[in-house]
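In each ligand, atom 1 is the first atom listed, and ligand 1 is the first ligand listed. Only this structure's heavy atoms are used, side chains among them; waters, hydrogens and symmetry mates stay out. Heads up: numbering here begins at 1 and tracks the sequence. Keep in mind that what you see is a predicted model, and the values were worked out from it rather than measured.
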Amino acid sequence: MELCIISVACCLFVVILAAVKLYELSIKRPFVSNVKLDGKTVIVTGANTGLGFWTALDLASRGARVILACRNLQKAEDARKKILKELQSNCDVIVRHLDLSSMKSVRQFVRETFEQESRLDILINNAAVSGIPKTITEEGLEYSYATNYIGPFHLTNLLLDLLKNSAPSRIVNLTSVMNTFGHLNCDDLQAKGHYDPFSAYKNTKLMNVLFTKELARRLEGTGVTTSCVHPGLAATDIFRSLRIANIVGPLISLFFKTAKDGAQTTIYCALSEEMQDAKGEYMSDSQVYDKTVWINKDAYDEGLCKKLWETTEAILESIES
Ligand SMILES: NC(=O)c1ccc[n+]([C@@H]2O[C@H](COP(=O)([O-])OP(=O)(O)OC[C@H]3O[C@@H](n4cnc5c(N)ncnc54)[C@H](OP(=O)(O)O)[C@@H]3O)[C@@H](O)[C@H]2O)c1
């Protein structure tokens, strides 16, 4: 009986994965455009692997100066060499250290960026972790919440002057369809009281959406625009912390889209003419996904977006003081 239930569950799982694959194939939309980025500067966080790597490669191939903002310098250097090889050294790609879980590292990264760059045209907040057990950093932040939301919030705000001076410029924030199932508690933003790894991912991905909506309102009239992206289900390392990663990994690479395909909506938001006046749209498959079932209704609560913003500012102030 037990064996029968397990077999049915496995079959169901494979059927769901096959459906995902069919869906991904049916809506596959590579971003085809000859937009050039000569003279432009781009930052991609978490660019050493997965979607970030393919985003960085595409933008570098268009002539941009691309900064790979990564926590592991060795991995970042390897990625840089791969991009140089792919583009036959015909590109300007540099590595700069950034650990988004540490606000000290974020500020150091920004200091170096202001010292070494005269402009910033595109910021891609791509890096994230998932499935990490509760970990409190030296600064008293919870690691997943810091990496996926508080760090990108801090980074973006500190880079705003450079983005404004380079306008028109764009900010693209990676979220996930999992935002739909997230829950926001501004009284315990980092779920220190009641942490679980899966909720941390959903909740931070919801914060990415609310952050984008509020950021868009605050940026009105500055020439800096923003949008957020669910990239679809792509075979990357994002599930590396799952206990069943060894089983899930091979299945994922069979059924999910490739990381290169997964990067297409990000690239679309960064470059397309249609997105030049973006106002915080939630995008997937290079289309607006607002008002679908795949966005949490909290995204439309302007008061909540503002409260999240102010709560995050208060957390950052408490670290600095
Ligand atoms: N893949 C999917 O199916 C999927 C679906 C929905 C949304 N997304 C979103 O897409 C984005 C990219 O994910 P991915 O699938 O490409 O994941 P990935 O392959 O795991 O890449 C994540 C990147 O983030 C970096 N990173 C992690 N913690 C960091 C920190 N503290 N500071 C700086 N960088 C850090 C990683 O660096 P290391 O290599 O050093 O760990 C890596 O470069 C994420 O925001 C994710 O939530 C992905």
What protein heavy atom is closest to [atom], reported as residue, atom name and distance in Å?
{"atom": "atom 20 (O) of ligand 1", "value": "Arg240 NH2, 2.5 Å"}
{"atom": "atom 13 (O) of ligand 1", "value": "Ile238 CD1, 3.9 Å"}
{"atom": "atom 40 (O) of ligand 1", "value": "Arg71 NE, 3.1 Å"}
{"atom": "atom 15 (O) of ligand 1", "value": "Thr236 OG1, 2.5 Å"}
{"atom": "atom 19 (O) of ligand 1", "value": "Asp237 N, 3.2 Å"}
{"atom": "atom 16 (O) of ligand 1", "value": "Leu51 N, 2.9 Å"}
{"atom": "atom 32 (N) of ligand 1", "value": "Leu100 N, 2.9 Å"}
{"atom": "atom 46 (C) of ligand 1", "value": "Tyr201 OH, 3.5 Å"}

**Message:** Heavy-atom pairs closer than 4.0 Å: do any link ligand 1 to the side chain of Thr175, the backbone, both, or neither?
**Reply:** backbone
Could you check which of [options] puts a non-hydrogen atom nearest to [atom]?
{"atom": "atom 12 (C) of ligand 1", "options": "Leu174, Asn126, Thr266", "value": "Asn126"}
{"atom": "atom 34 (N) of ligand 1", "options": "Ala127, Gly262, Ser101, Ser102", "value": "Ala127"}
{"atom": "atom 8 (N) of ligand 1", "options": "Pro231, Ser176, Ala263, Ala235", "value": "Pro231"}

Salt-bridge criterion met for [X] and [Y] (N-O under 4.0 Å):
{"X": "Glu115", "Y": "Arg111", "value": "no"}
{"X": "Arg217", "Y": "Glu302", "value": "yes"}
{"X": "Arg170", "Y": "Asp277", "value": "no"}

With heavy atoms of [X] as the reference, note each atom of ligand 1 found under 4.0 Å away.
{"X": "Leu233", "result": "3 (O)"}
{"X": "Thr49", "result": "19 (O), 21 (O), 39 (O), 42 (C), 43 (O)"}
{"X": "Tyr143", "result": "31 (N)"}
{"X": "His230", "result": "6 (C)"}
{"X": "Leu98", "result": "32 (N), 33 (C)"}
{"X": "Ala128", "result": "22 (C), 24 (O), 27 (C), 44 (C), 45 (O), 47 (O)"}
{"X": "Gly46", "result": "23 (C), 24 (O), 25 (C), 43 (O)"}
{"X": "Asp99", "result": "30 (C), 31 (N), 32 (N)"}

Can you confirm whether the side chains of [X] and [Y] place a donor and an acceptor under 3.5 Å from each other?
{"X": "Gln116", "Y": "Arg96", "answer": "yes"}
{"X": "Ser144", "Y": "Tyr195", "answer": "yes"}
{"X": "Asp285", "Y": "Tyr289", "answer": "yes"}
{"X": "Asp99", "Y": "Ser105", "answer": "no"}
{"X": "Asn125", "Y": "Asn173", "answer": "yes"}
{"X": "Asn203", "Y": "Tyr149", "answer": "no"}
{"X": "Asp196", "Y": "Ser199", "answer": "yes"}

Please state whether [X] comes within less than 4.0 angstrom of ligand 1, counting heavy atoms only.
{"X": "Phe256", "value": "no"}
{"X": "Ala259", "value": "no"}
{"X": "Met178", "value": "no"}
{"X": "Asn48", "value": "yes"}

**Prompt:** For Gly52, is at least one N or O under 3.5 Å away from an N or O on ligand 1?
**Reply:** no
**Prompt:** Honestly, is Lys134 close enough over Tyr143, meaning NZ or CZ under 6.0 Å from the six-membered ring centre and within 45° of the axis?
**Reply:** no
**Request:** Please determine if Lys75 forms a cation-pi arrangement with Phe53, meaning its NZ or CZ atom is less than 6.0 Å from the six-membered ring centre and no more than 45° off the ring axis.
**Result:** no
**Prompt:** For the residue pair Phe153 and Trp309, does the interplanar ring angle fall in the parallel (under 30°), tilted (30 to 60°) or perpendicular (over 60°) class?
**Reply:** perpendicular
**Prompt:** By ring pair (Phe, Tyr, Trp, His ring centres under 6.0 Å), which residues pair with Tyr282, not counting sequence neighbours?
**Reply:** none
**Asked** Is it true that Val293 and Val177 fall in one hydrophobic cluster, defined by side-chain heavy atoms closer than 4.5 Å?
**Response** yes
